[in-house]
Every structure is written in structure tokens, then in C-alpha cells.
Amino acid sequence: MKIATYNVNGINGRLPVLLRWLEESTPDVACLQELKAPDEKFPEQAIKDAGYNAIWHGQKSWNGVAILTRNLDIKETRRGLPGDPDDTHSRYIEAEVNGITIGCLYLPNGNPAPGPKFEYKLRWFERFAEHAAELLASGKPVVLTGDYNAIPTELDAYKAERWVEDALFRPETRVAFKALVDQGWTDAIRKLNPDKVIYTFWDYFRNAYGRDAGLRIDHFLLSPDVNKRLLAAGVDRNVRGWEKTSDHGPVWVELADA
DNA sequence: ATGTCACTGGGGCAGTGA
């Protein structure tokens, strides 16, 4: 079973890129972030024609998350992150697919930091960690994947020293990410590549992709029994080189059957 | 600081978020 995550940066603007990637990569599950579209503008028919079922949680202009499946039923278990009824951002959707609970998240960017956006990021991170702990305690197989907007370590950023003041790499963000993983999750990409420089994002400025000046901010966290099933993990970095592409590349894991 | 995208309102392009 192949599960992927992809920050599409505008699902309608990137639709040709998304459809091409789905056709070439054929993930069984695809978690999408940054739809940048309200619910009624989700390209439901094009996704269906590509062979995928979908659930989505959209929002006008910003954010927005979706889970797509190919030949698998989706049972939605949560829409929106619990813990703050005043939070209006569409940043979390969760479903049970093929016996696995899959959480698809778009963690706040948090820049500029310090400031209210960074405070929102840290609060969101806390709420997410609480929910993650509950999922872990349930004993069910769980995958939490998406754009975490968190650079875990110096290995995960080109010229990390330039990112120390940025919300993606500030100490508070790194501490929050490490505390989350330390609940008992496995960072799938890092587990299979302990020392390798692997990026999932290259910004649009200064030919970052051409220079491979990237960041690793899209992550797969696996619960212990999913971790035992982990066969492979990778980044479809070539997709970042396509025309009219997102600034993120798709990331995926391959799991053995239960 | 720089730089480049997508989206919105409103009908060109500035403002916003990333």
C-alpha cells in the first residue's frame, strides 16, 4: 500500500500537474494540502475521472486539505483539528482507509516570528500533539502526514544557519517536532535514510530547485505497528521540475500488507 | 533584504500569504 502526501499549492492552478503525478505515481492514498479553494470549487469530477475517491475540507483563498484513495473506501473520522472552536483554518482532515487511520495536516507556517502568526503555529502544534497522543493511545495503526512546516534538524535545510530565525526552524518549532516524534512515532523518511540530505520543498526564489537549495518539511509519522510494515519511502523530486509545479514535491511511503 | 508564485476583488493590478 502506497500512501503519499503532496502540498499542491492551489489544487485548481495545479490540476494538470496533480493529475499527471497521480497517473505516473498511482498512490493508493494521496493526502493533499494547500488546496486554496472553497469546498464547492474542489475539482471533484476531474479527481473521480482520474480514478480517485476523495474527501476534502476547503476554504476560500488559503489552506485546505484532502484525502484521495484509489480503489479503497474512505471513512472520514475527523474534519478540523479539535481543541479550539474559534480556529477557522481548514488544516486537518482524517480518515480510516484500509484499516489505517490517516491524518492529513497542514501545520501553520508561522512567519513572521516572533509574532501572532508564530504564536498560532505553536498553539496549533500543541493541539495537534494532544490529538496525536490520543491516536497513539488508541492502539490503532495511524499515519500522520502532511506539510508540518517544521525543519527537524540541521541536516534538513540547505544552509541551516540561514534559517535559525525562521518559524520553520526556530528552537520552539524544533522542540515541538521532537516532542511529538518522541511520543512514539517514527519519521519514516529519516528512519530509512539516517544520514542522507533529503528535501521535500524548494522555494520559487533564486532557482532554489536548480541549486538543490531545499528543506525537508513534509513528513510521515508512523505509529509503531505501521512502522513495522514500512518497506520504502521517498520523494518524487522530479515533479518539482515540471512546468507550473508546486514548490513542494510529493513524498510517499510503501507499507506491507497487514 | 532579496526573490516568485497563487489567490482575491473586480475587471488592472495591488494586497496577502507563503
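Per chain, numbering begins at 1; letters A, B, ... match sequence-line order.
The residue A:K41 sits apart from the nucleic acid: no heavy atom pair falls under 4.0 Å.
Atom CZ in A:R211 sits roughly 12 Å away from atom C1' in B:dT2 (whole-Å rounding). Taking atom NE2 on A:H248 and atom C1' on B:dC5, their separation rounds to 12 Å, with Å as the unit. We find that CG of A:D166 is positioned 14 Å from C1' of B:dA1, with the value rounded to whole Å.
Side chain of A:F205, nearest nucleotide from B:dT4, B:dT2, B:dT8: B:dT4. Of the candidate nucleotides B:dT8, B:dT4, B:dT2, B:dT4 has the atom nearest to the side chain of A:Y204.
Looking only at atom types and distance, the side chain of A:D225 has a donor-acceptor partner in the side chain of A:S223 under 3.5 Å away. At a cut-off of 3.5 Å, with distance as the only test, no side-chain donor of A:T101 or A:E94 sits close to an acceptor on the other residue. With hydrogens and angles left out, the side-chain atoms of A:N9 and A:K36 include a donor and acceptor closer than 3.5 Å. In summary, the side chains of A:H89 and A:Y106 do not present any donor paired with an acceptor at a separation below 3.5 Å, with no hydrogens or angles considered. A:W202 and A:D247 are not linked by any side-chain donor-acceptor pair at a separation below 3.5 angstrom, with hydrogens and angles left out of the test. There is no side-chain donor-acceptor pair under 3.5 Å between A:D147 and A:Q33.
Within 3.5 Å, a donor on the side chain of A:R206 pairs with an acceptor on the base of B:dT2, or the reverse.
For the P atoms, the distance from B:dC7 to B:dG3 is 23 Å, rounded to whole Å. The same atom, P, is picked in B:dA6 and in B:dG10; the two are 22 Å apart, to the nearest Å. Rounded to the nearest Å, the gap between the P atom of B:dC13 and that of B:dA1 is 27 Å.
Remark: A:R14 is in phosphate contact with B:dA6, judged by side-chain N or O atoms under 4.0 Å from OP1 or OP2.
Both A:E34 and A:P38 lie close to DNA chain B; mapped to their nearest nucleotides by heavy-atom distance, the more 5′-ward contact belongs to A:P38.
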Base, backbone or nothing for each nucleotide of nucleotides 10-17 of chain B, written B, S, -, heavy atoms under 4.0 angstrom, 5' to 3'? ------BB
